[in-house]
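Heads up, the thing below is written out as structure tokens.
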Amino acid sequence: MRILIIEDENKTAAYLKKGLSENGYVVDTAFDGSSGLLLAETNEYDLLILDIMLPGRDGWSILSEIRRRGKQTPVLFLTAKDSVQDRVKGLELGADDYLVKPFAFSELLARVRTVLRRGPVRQPDVIRIDDLEVDLPGHRATRRGNRLELTSKEFSLLALLTRRSGEVLSRTLIADQVWGMNFDSDTNVVDVAVRRLRSKVDDPFEKKLIKTIRGVGYTIDDE
Ligand code: CA
């Protein structure tokens with residue numbers, strides 16, 4: 001899951017980036033409205049976290065511009081403004097949620113998960129592939145009812161594979177979506193991570209779900 005934060009207070013942006021990264025999200029940051037809008041338009045994000053008062057272009061205008069161009073990326077507003085009018089305006093413009101500063105990180109994380117669960121395209125909360133169950137909002141996975149102990153990156157990788165099960169995902173795409181690395185980076189990290197994930201998801205079970213497609217990448221299915 002990839003998130004863009006547009007926030008001109010460096011400290012807040014850094015704090016959010018750190019916290020969200022630790023929870024398995026890939027996070028980009030922009031510190032002014034114009035560069036934020038550019039990033040939002042050129043990359044695919046699962047969520048935008050938008051401050052309202054920004055140099056260059058305010059959060060309202062970023063949101064309306066994105067919606068005008070047909071992008072349904074969910075938006076969470078983060079702002080010191082807390083009047084009812086501001087809140088109503090944000091929701092009318094198509095914001096998905098609204099959080100008033102100062103806030104606890106745990107509160108933000110809960111909102112982020114809720115908004116992502118709703119998503120632009122509705123996804124089931126729990127994805128089942130054979131006897132594997134991946135609970136996306138709950139960040140947990142089980143096989144035959146047994147909890148799999150996964151790190152946050154391993155969970156992100158499993159979530160990506162299961163959300164797109166049946167599709168063959170290239171190492172480049174996986175590296176981008178799970179680690180935020182571009183294609184020039186060493187994609188060996190993907191092979192290493194898949195091996196670790198397999199040791200937990202597949203090795204203890206007779207039926208193997210994660211498949212290597214030689215020369216292409218990885219897929220998960222119950223064929
Ligand atoms: Ca601001």
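Counting convention: from 1, in listed order, for ligands and their atoms alike.
Not one N or O on the side chain of Asp135 forms a donor-acceptor pair closer than 3.5 Å with the backbone of Ala141. Judged by distance alone, with hydrogens and angles left aside, the side-chain atoms of Arg143 form a donor-acceptor pair with the main-chain N or O of Val201 at under 3.5 Å. Panel note: side chain Asn43, backbone Tyr45; no donor-acceptor pair is recorded below 3.5 Å.
Not one N/O/S atom of Glu9, from backbone or side chain, sits under 3.0 Å from the Ca ion (ligand 1). The Ca ion (ligand 1) does not have Glu7 among its coordinating residues (no N/O/S atom, backbone or side chain, under 3.0 Å).
Put simply, the angle at the Ca ion (ligand 1) from O in Met53 to OD1 in Asp8 is close to 90°, to the nearest 10°.
Closest approach between the Ca ion (ligand 1) and any N/O/S atom of Asp51 involves OD2.
The local environment of CD in Glu41 is crowded, with over 12 non-hydrogen atoms from other residues, nucleotides or ligands closer than 6.0 Å.
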